[in-house]
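The figures here come from the full heavy-atom set of this structure, side chains too, leaving out hydrogens, waters and symmetry mates.
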Amino acid sequence: MSQKTRENIDTPQGLAFAISAYVLWGFLPLYMKLVSHIPAAEVVAHRVLWSVPVAGLLLVLLGRTRDLRAALKSPRTLAMACVTAALISVNWGIYVWSIASGHALDAALGYYINPLFSIALGSLLLRERLTPTQLVAIALAAAAVVVLTVEAGRLPWVAIALTLSWGFYAFFKKQLPVGPNQGFMLEVLILTPPALGYLAYASATGGTYFQGVDIWLLMGCGLVTAVPLIVYANGAKLLRLSTIGILQYIAPTMIFLIAVFVFGEEFGRARMIAFPMIWMALVIYSIPLIRQLRSQPKPAV
């Protein structure tokens, strides 16, 4: 099967990777709450630094270090990786801040809106076609997002920023001319100098939290960051962008539940209406997707 063909169909392996990544991301607020007393910029810096050994070890085990060296010598690949690195760092920063400041529901709203944005990008830029049933599901999900936005009574800048940063990251990540694992390693390597620069500045001004129990929590940021993102990157290469978009409802639903039942954030009437609407949209979209997967011939070995 050609690379072009693989990029335009959904595969069972891609679904398994993507679903696993979104479930892991769904639990991430619990960890981020443990470091909520640390400035978001410092948490992001440590997410970058401690992701490097995790991603590097994976490349060594897979024997893909040669691919990484080739990517480092390609100006085009480096330029594209700088774009995805910038987008993911912005996304991380806003996300960490939202959890720490009691805006987890705004983060959930952002990731509910994001699939619609990803689907729009897939349709407009990649010409991915959607069936009438899938369009109905998207319309239902859009209506639910409108209910949530109106209920907020203000411009949800956190949600919008998360939507734009992650939506464009997913789009450009799919176009990155390097393997998913090498791509993530390339991104964190690009972000390492600014991360080290910030931590050096924080240390010089007496503002670093890298001490005591916080040392282990900040080091653990590497695992909780690298593992789901690497899993996601592998899934993104094996799915259509529109499918990736609809699967993203998994993580915000988990974030939503954690925000309400664990963090105690307010649960309004509008959310009681919108939440089932979004899950209904997911079910409607998933039925033809499952049928499509069952009907696809298995690729030749």
Side-chain angles (χ1 to χ4, degrees), residues 7-27 105-152 156 159-160 162-164 166-167 170-171 174 231-232 235-261 267-297:
E7 291 179 350
N8 289 298
I9 66 171
D10 297 312
T11 68
Q13 297 94 330
L15 278 176
F17 278 130
I19 291 173
S20 298
Y22 289 125
V23 169
L24 290 173
W25 273 321
F27 284 114
L105 282 175
D106 288 337
L109 175 59
Y111 289 118
Y112 274 134
I113 300 173
N114 185 70
L116 304 176
F117 185 65
S118 292
I119 290 169
L121 286 179
S123 177
L124 294 174
L125 302 182
L126 301 181
R127 298 183 179 180
E128 295 180 349
R129 296 183 179 181
L130 300 174
T131 67
T133 302
Q134 293 167 340
L135 288 173
V136 170
I138 294 169
L140 183 60
V145 169
V146 169
V147 171
L148 290 171
T149 304
V150 171
E151 188 270 345
I160 292 173
L162 287 173
T163 297
L164 294 176
W166 183 259
F171 175 77
K174 191 176 178 69
V231 172
Y232 163 79
K237 294 288 186 177
L238 301 173
L239 294 175
R240 295 184 303 156
L241 190 61
S242 53
T243 301
I244 294 170
I246 203 68
L247 288 177
Q248 288 177 46
Y249 285 122
I250 296 172
T253 297
M254 295 178 66
I255 296 172
F256 176 83
L257 292 173
I258 290 173
V260 173
F261 295 108
F267 182 74
R269 181 183 303 178
R271 293 190 175 101
M272 296 178 66
I273 298 172
F275 186 61
M277 290 174 65
I278 290 173
W279 273 107
M280 188 180 299
L282 176 58
V283 171
I284 293 173
Y285 184 94
S286 299
I287 291 174
L289 175 61
I290 294 172
R291 291 175 179 171
Q292 174 191 345
L293 285 173
R294 289 179 175 177
S295 64
Q296 286 177 1

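- Here Val146 pairs with Val150 under the side chain to side chain contact (heavy atoms under 4.5 Å, CB included) rule; sequence neighbours left out.
- Atom-to-atom distance recorded for Tyr232:OH and Leu247:CG is 10.0 Å, nearest 0.5 angstrom.
- Under the side-chain hydrogen bond (donor to acceptor under 3.5 Å, both in side chains) criterion, Ser20 pairs with no residue at all, not counting sequence neighbours.
- Looking at every heavy atom in both residues, Leu239 comes nearest to Lys174 through O-NZ, 2.8 Å.
- The side chain to side chain contact (heavy atoms under 4.5 Å, CB included) search around Met277 returns Leu140, Ala143, Ala144, Ile273, not counting sequence neighbours.
- The side chain to side chain contact (heavy atoms under 4.5 Å, CB included) check on Leu135 picks up Leu130, with sequence neighbours excluded.
- Phe256 is linked by a ring-ring contact (aromatic ring centres under 6.0 Å, His included) to Phe267, Phe275, counting only residues two or more places apart in sequence or in another chain.
- Leu162 contributes atom CG, which lies 9.5 Å from atom CG of Leu109 (distance to the nearest 0.5 angstrom).
- Note that the CD1 atom of Ile250 and the CH2 atom of Trp25 stand 11.0 Å from one another [nearest 0.5 Å].
- Ala108 and Ile255 make their closest contact through CB-CG2, 4.0 Å (heavy atoms, listed as atom of the first residue, atom of the second, distance).
- Under the side chain to side chain contact (heavy atoms under 4.5 Å, CB included) criterion, Leu164 pairs with Phe117, Ile160, Phe168, not counting sequence neighbours.
- Heavy atoms only, all atoms of each residue included: Met254 and Phe27 are closest at CE-CE1, 3.4 Å.
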